[in-house]
Amino acid sequence: MSPAKLNSLFAIFGLLTAAPLFSQQLNSNFARDPAQPIDQQYSDQIHKYTTDPSFLSPLVDYLPGSKTVPTPAKVLGDVSGAPDMLPYAEDVYKYFRLLESTSPRVKVFTIGHSEEGREMIAAAIADPELLAGVKANDARLAKLSDPRAINLDDTAARQLVDQSYPVYYITGTIHSPETGAPTALMELAYRLAVDNAPYIKFIRSHMIVLITPVVEVDGRDRMVDLYKWHKAHPNEKYPHLLYWGHYVAHDNNRDAMGMTLNLTRNVLDTYIGWHAQVLHDLHESVPFLYDNTVGDGPYNAWVDPTLADEWAELGWNNVAQMQSLGMPGVFTHGDFDTWSPGYLMFLAGMHNGISRLYETFGNGGADTEKRILEPEEYSRTWYRQNPPLPIVNWSQRDNNNYEESALLTTISYFSQNTHHFLENYYLKSKRSVQKPTLEGPAAYVIPADPADANRQIELLKVMKRQHVEVQQLSEAATSTLPPAKRGDKPTQETFPAGSLVIRMDQPYSRVADALLDHEFWAPDDPQKHPYDDTGWSFSHLFNLKVVRVVDPAILQSNMALLDNASTLAGKVSGAGSVLAIANTGQVSLLPLVYKLTGKDGTLKGSGIQIAEKDFDADSKHYPAGSLLITGTEYSQITPMLHDLSLDAARLAAAPSVPTRPATAPRVALMHTWLSTETEGWWRYAFDTAGVPYDYISTQTAAAEPDLRAKYDVIVFAPVGFAGTESNIDGIPMWNNAMPWQKSDLTPNLGRIDSTPDIRPGLGYDGIAHLKQFITNGGLLITCEDTAQFAIDTGLAPGVSVASRGDARVVGTILNTVFVARDNPVAFGYGPGVPVISANGMAFNISNTLGGRSGRTLMDPYAERPTGRGSVDDSDVPTGRKIVDAEPLVKQQPWEAKKLNEEEMRNNLFLIPTELRPDVILRFAEGKSLLLDGLLDKASSIAEHAVVVDAHLGQGNVLLFGNNPVYRGETVGTYAMVFNAILNYQHLAHEPAVAAPAPDKH
Ligand SMILES: [Zn+2]
C-alpha cells in the first residue's frame, strides 16, 4: 500500500472507529482471489485455534487450496500453529523440500551447518521467471552493492535498479524457546507459493522472498525434545531450555560483531551471497507484536541516515497496516535502543541493507495459556494507542497469525516500492565507498608489529567473516594524524611496510568503521536503560594499536589485498637448537604447550621451559613468560607454529634466564545447571584456541571428593549473575526430578553434558571439595558472579566486592593498570589492557578477614578540624601536653589498609603475609578510566582492584571483576586466563613491583 492509499484509509477508518470490524471488509488491498477455492478444512482449523477474532486478519483467516501443492498439514498432521505440536527442524525442512518439489515458485538451498552438524536451509520464493533469472539479477544487485563496479555512476545504477528485483530475507527462531516462527514460515511459504490474491501475485512477480525457517537448529531440536517431555509428563514441572545452541543461548543474537557462531556466518553469507536488501529476524517476547525496527535512541552512530528513514518508513507503515486490520497490540517505538550492532539483524544494517525484527507474543512452546500482562505491557501510550489486552487466552496459532499478517503486509508494501528500496540500497552502498571523502575516516591502519601479529590475525579473521577487504602496505607510508586532544597540534606517523590498511572506500566500510572506532554514550542520554553493551571497540578488546586515519593520502600508498592473514605470523628465524617464542599476549601459547606435551602431544620428549624473567637474545627482547623449547624436530614444529600463528626464533644457546618447566595442566570447566550461556563463551574460546578440558558440572564437584587428583585448574566461568545461594542450592527440590538426558523421547538432550536431575547445585559438599582442591595446590578461576561466590564461601580470604555506589557502567570498556607486572597472569602484557566491564565490578582487598577491614581511602590529612593555625597546621588542644598521633598511612584504592600495632594485636583474623591476596590488575584513575561506552560517577570504582589472586593453603583463587572471555570479542584478555592456567603453580605470593609499606612502624 502506498502512503497515499494509507492516508485515505485512515480517513475512512476515522469515521468507523465504533465498528472496527467493518474496516477489515473495507480493506481491499489484501482481498483474496474469489476464483481460487480455499482449503476449507485447514481454514476451519485456523479459526478453531485462534482464541479471539481480533487475533485474525483477512490475510490469514483462510488457506487457499491447491491440487498439487501440499499444505503444512501434510507434514505436521495439523495446521501451522496448532496446539501441542512443535516440529523438529528436519520436519520443517521436509515441508520446504516438499514445496520445492511441487511448486515451481520455491527453491531450497543448504546454507551451511551448525556446530553440531545440523543443516541450515534457505528457501527462495518468487515467480518461476524471477527464479530462473536469479543469476543475472544477482549480478546486477552485486553491482548496486559494490558501486565501484560501475564507477559510482548513478545513470548506470538507475538502469540496474530498473532491471532488478530485490531480495527480502526472513529468519526464524534464532532463540530456541521462541517457538512460533517455523510453523508461521511454513504457512507463509505456502501462501506465497500458492495464493492467487492480487497482492500476493504482485509480491511474487516483483521480489524474491528468502526464508530461513530455523536459524538456531541445534537449539530447536532440543526445544522440541523438551516440549515433548513436557507433554509426556503433563502434571510435572519441566526444565527451562539449557544449551539453546552448542555454545550460547540468547547471546547468539549478540554475535553480529565477532561472528563466532556458525549461524551468524551462514546467515551473513546468505544475505551477502544473495545481495539481499532486508534481513528480518523473528523473535518472541512482548505482547502482541513489537516491530522494533523503529525502536528507540540512541541509534547506532555508524548507520547511514537513509537506514534510519527506512526503519521509520517500514516500521510505522507496518503498525498502521496492522491497525487497519483491527489487530490490537502492535507497536514499533519502544524500549529497544538501536545502539549496539551486535544483533543478527544488524548484519544487514552494517552491510548497506535494512535490519528489522519482530517480537511477537510466544508461550515458549505450543500450549494454549491464559496470559496475564503487566501494566506497562497493556497500558496505552502515545506510540501504542491500541495496546494489548491485559488478560488473554493465547495460542501458538494467535502468534502465527500475527507473524504472518505482519510479514505479508510489510512484504506487500515492499513489493510496491521496490525501486525506492533498491535506489536506497545503491545509495547506501555508494556512500559506504565514498566514506573517505564524505565523513571519513579514510582508513584504519594497524601498524605491522610482530608482537601483535597473533592478535592482529584474530581481528582479520573477524574482518574476513564480515566480508571486509584488508590491504597490506608494500612500502612505508606517512600520514598526518589529527591531534589527540582538542587544541593539540596534528602529528605525523609513519607506518612500516607490512602494516594493514582497512580502506574506507569499500562497500562494507561501515562495519569495519563501527567495529574499530570508539564509542561514547553520554551519561545524561535520555535513554537510561541501555539494551546491551554500550562499548565494543575491537581495537581495544583485541588489545591492538589501530590508527584511525582521516588523511586521504593513505589511500594513495602502495598496498595490495591481503588474502591470507595467516602469513603475518608463524615464521621461524635463525638456525640454533633452542626455539624461543616471545610471550606477547598471544591466544595460542598455551595451546602450543598442549600440542607439544599434552595427552595427544606429538612431540613427547621435547622440553619446554618458561622464562621467569625478561631476557634479550639475538638483539630481540623476550618478556617474562616466553617459551624456550629444546629437543624438537623442527620439521614437525614448524607447521604447528604456522597453524597457531606463533613466530619463533632458533637461538644458538639457551639464554641465561631463570626458567621452569612447562607442563600441560589438567583443566576442568565447571558449569551449573542454572544457565550455560556465559560459560559457553569460555567453552567456545577454549575449543577454538585448542585448550583441552573436561566439562564438569557443579554436581560433579559435589560428588567428587578428590578433585585435585584429577585436575590442576578448575574454571568456574560466570553463570550470568546467579546468586551464591543458587550456585549452592541449585533449583528448589520442591517439585519433581527434571532429567537432562538422551532418551527415546529426547534424543537431542544430554549430549554436551547430562544429569538425571538438573535441580541439585554444588551443595556444601561441593564447596568442601573445591576448598580441598584449592588448599592442595589447585587453581580455581572465577569471574563476576562466580568471583562473588568464591568470596561468599570463604575461598578468597581478604577479598570483597567493592561497593559500586552510584557508578554507572553498562558493558563499558575500561582502562586498567597492571599492579603486579611480574605476576605470571600479566606475562606478555604492557602497562595495562582494556577490559570490558558489565557493571563496574571491582574488589576491595584486606589484610584481615571479616569486619575489621575498614579502609582509609581519603587523604587522612586532607581535612582538619576547626582549631588553631592555618589549614596546613595541626590543631593544638590547650592545657595539656601534646602527643603526636599515630601517623595515618594512606593506601591506594587497590591496596589493603595497612594495619598498625593496635589493629594487629591479638587479631585472630589477621591474614598471614604470604596468604594475603595479590592485586594483579586495577582500574585506571577516574579521568582516564573510560575507553568506550557509558561511564558515569566513576569515583567509587576508579583505581580499584579488578583482577585479584587470592591464596588458600597451597593453592590460588583467581578473581576477575571483568569478563576476560566474552562473546568472542575479548581476544586481548584471553591471555590473562591462559597465562594463569599455564603458570598455575607459580601464582603464589610474590612481592609486588611497588613493595607495600610494612605493617609495623
Ligand atoms: Zn529473541
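Remark: aromatic rings of His944 and Phe923 are distant, center separation not under 6.0 Å. Outside the 6.0 Å centre-distance limit, the rings of Tyr358 and Phe288 are not counted as a close aromatic pair.
Here the OG atom belonging to Ser928 is positioned 8.5 Å from the CD atom belonging to Glu943, to the nearest 0.5 angstrom. Here the straight-line distance linking atom CD1 of Ile457 with atom NZ of Lys464 works out to 12.0 Å at 0.5 Å rounding. Rounded to the nearest 0.5 angstrom, Leu921 CG and Arg821 CZ are separated by 11.0 Å.
Remark: Lys528 NZ is packed, more than 12 non-hydrogen atoms of other residues, nucleotides or ligands lying under 6.0 Å away.
When only modelled atom types and interatomic distance are considered, Asp533 and Ser340 share no side-chain donor-acceptor pair under 3.5 Å. Ser355 and Trp311 share a donor-acceptor pair across their side chains, judged by distance under 3.5 Å alone. Counted by atom type alone, Glu359 and His283 present zero donor-acceptor pairs between their side chains at under 3.5 Å. With hydrogens and angles left out, the side-chain atoms of Asn253 and His175 include no donor and acceptor closer than 3.5 Å. For the residue pair Tyr829/Asn543, the side-chain donor-acceptor check at 3.5 Å is not satisfied. Looking only at atom types and distance, the side chain of Asn454 has no donor-acceptor partner in the side chain of Glu458 under 3.5 Å away. Checking Asp335 against His529 by side-chain atom types alone, no donor-acceptor pair falls below 3.5 Å. With 3.5 Å as the limit, one finds a donor-acceptor pair spanning the side chains of Asp251 and Trp681. In this model, no donor atom of one side chain and acceptor atom of the other lie less than 3.5 Å apart for Asn300 and Thr338. In the model, Arg356 has a side-chain atom that pairs as donor or acceptor with a side-chain atom of Asn318 under 3.5 Å. There is no side-chain donor-acceptor pair under 3.5 Å between Asn962 and Ser837.
Under the side-chain contact (heavy atoms from CB on, under 4.5 Å) criterion, Val462 pairs with Arg465, Gln466, Leu515, Phe538, Phe542, sequence neighbours left out. Looking at residues two or more places apart in sequence or on another chain, you find no side-chain contact (heavy atoms from CB on, under 4.5 Å) involving Pro305. For Thr179, the side-chain contact (heavy atoms from CB on, under 4.5 Å) criterion is met by Leu86, Arg220, Met223, Glu284, Gln396, not counting sequence neighbours. For Phe789, the ring-ring contact (aromatic ring centres under 6.0 Å, His included) partners at least two apart in sequence or on another chain are Phe716. Every residue was checked against the salt bridge (charged side-chain N to carboxylate O under 4.0 Å, His left out) condition with Glu725, not counting sequence neighbours, and none meets it. Residues satisfying the side-chain contact (heavy atoms from CB on, under 4.5 Å) test with Asn963, not counting sequence neighbours, are Thr678, Trp682, Pro718, Cys783, Glu784, Val965, Tyr966.
Checking side-chain atoms of Asp255 against main-chain N and O of Thr260 turns up a donor-acceptor pair under 3.5 Å. Between the side chain of Thr812 and the backbone N or O of Val810 there is at least one donor-acceptor pair closer than 3.5 Å. A donor-acceptor pair under 3.5 Å links the side-chain atoms of Asp785 to the main chain of Ala722, judged by distance alone. In terms of modelled atom types and a separation under 3.5 Å, the side chain of Asp488 and the main chain of Ala484 share no donor-acceptor contact. Checked by atom type and distance alone, the side chain of Asn979 pairs as donor or acceptor with a backbone atom of Ala975 at under 3.5 Å. Using a distance-only test at 3.5 Å, with no hydrogens or angles considered, no donor-acceptor pair links the side chain of Asp936 to the main chain of Arg808. Checking side-chain atoms of Arg455 against main-chain N and O of Val587 turns up no donor-acceptor pair under 3.5 Å. Between the side chain of Glu677 and the backbone N or O of Ala249, at least one donor-acceptor pair lies under 3.5 Å. Checking side-chain atoms of Tyr343 against main-chain N and O of Leu357 turns up no donor-acceptor pair under 3.5 Å. A distance-only check finds no donor-acceptor pair linking the side chain of Asp932 to the backbone of Gly535 [under 3.5 Å].
Shown here for Leu674 and Val719, the closest heavy-atom pair between the two residues is CB-CG1, 4.2 Å. Counting all heavy atoms, side chain and backbone alike, Leu279 lies closest to Met345 at CD2-CA, 3.8 Å. Nearest heavy atom pair, residue Asn252 against residue Thr264, reads O-OG1, 4.4 Å. Considering all non-hydrogen atoms of both residues, Ser537 and Glu519 come closest at N-OE1, 3.0 Å. Of all heavy-atom pairs spanning Ala790 and Thr782, the tightest one is CB-CG2, 4.0 Å. Of all the heavy atoms in Arg967 and Asp532, the pair that sits closest is NH1-OD2, 2.7 Å.
For the pair Arg371 and Phe361, the distance from NZ or CZ to the six-membered ring centre is under 6.0 Å and the angle to the ring normal is within 45 degrees. The cationic atom of Arg384 (NZ for Lys, CZ for Arg) lies less than 6.0 Å from the six-membered ring centre of Phe331 and within 45° of the ring axis.
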- prompt: Given Tyr383 and Tyr290, is the ring-ring contact (aromatic ring centres under 6.0 Å, His included) satisfied, shown in steps?
  reply: CA-CA 11 Å; Tyr383 59 83; Tyr290 174 28; 8.0 Å; no
query: Checking side chain to side chain donor-acceptor pair (under 3.5 Å) for the pair Ser940/Arg804: CA distance, chi angles, key distance, verdict?
result: CA-CA 6 Å; Ser940 52; Arg804 283 187 278 274; over 6 Å; no
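A heavy-atom distance below 4.5 Å is not found between the side chains of Val330 and Asp291. In this structure, the side chains of Asp687 and Tyr247 come closer than 4.5 Å at one or more pairs of heavy atoms. Residues Glu679 and Thr676 have side chains in contact (heavy-atom distance under 4.5 Å, counting atoms from C-beta outward). Taking 4.5 Å as the limit, some side-chain heavy atom of Tyr444 sits within range of a side-chain heavy atom of Met504.
Taking the charged nitrogens against the carboxylate oxygens, Lys428 and Glu310 do have a contact shorter than 4.0 Å, which makes a salt bridge. A salt bridge between Asp517 and Arg548 is present, with a side-chain N of the basic residue lying under 4.0 Å from a carboxylate O of the acidic one. Salt-bridge check for Asp513 with Arg510: failed, with every basic side-chain N at 4.0 Å or more from each acidic carboxylate O.
Applying ring pair (Phe, Tyr, Trp, His ring centres under 6.0 Å) to Trp339 and the options Trp536, Phe346, Tyr531 leaves one that passes, Trp536. Partner of Leu541 under the side chain to side chain contact (heavy atoms under 4.5 Å, CB included) criterion, out of Thr973, Val835, Ile836: Ile836 alone.
Between Trp382 and His333, the ring planes lie tilted relative to each other; the angle falls in the 30° to 60° range.
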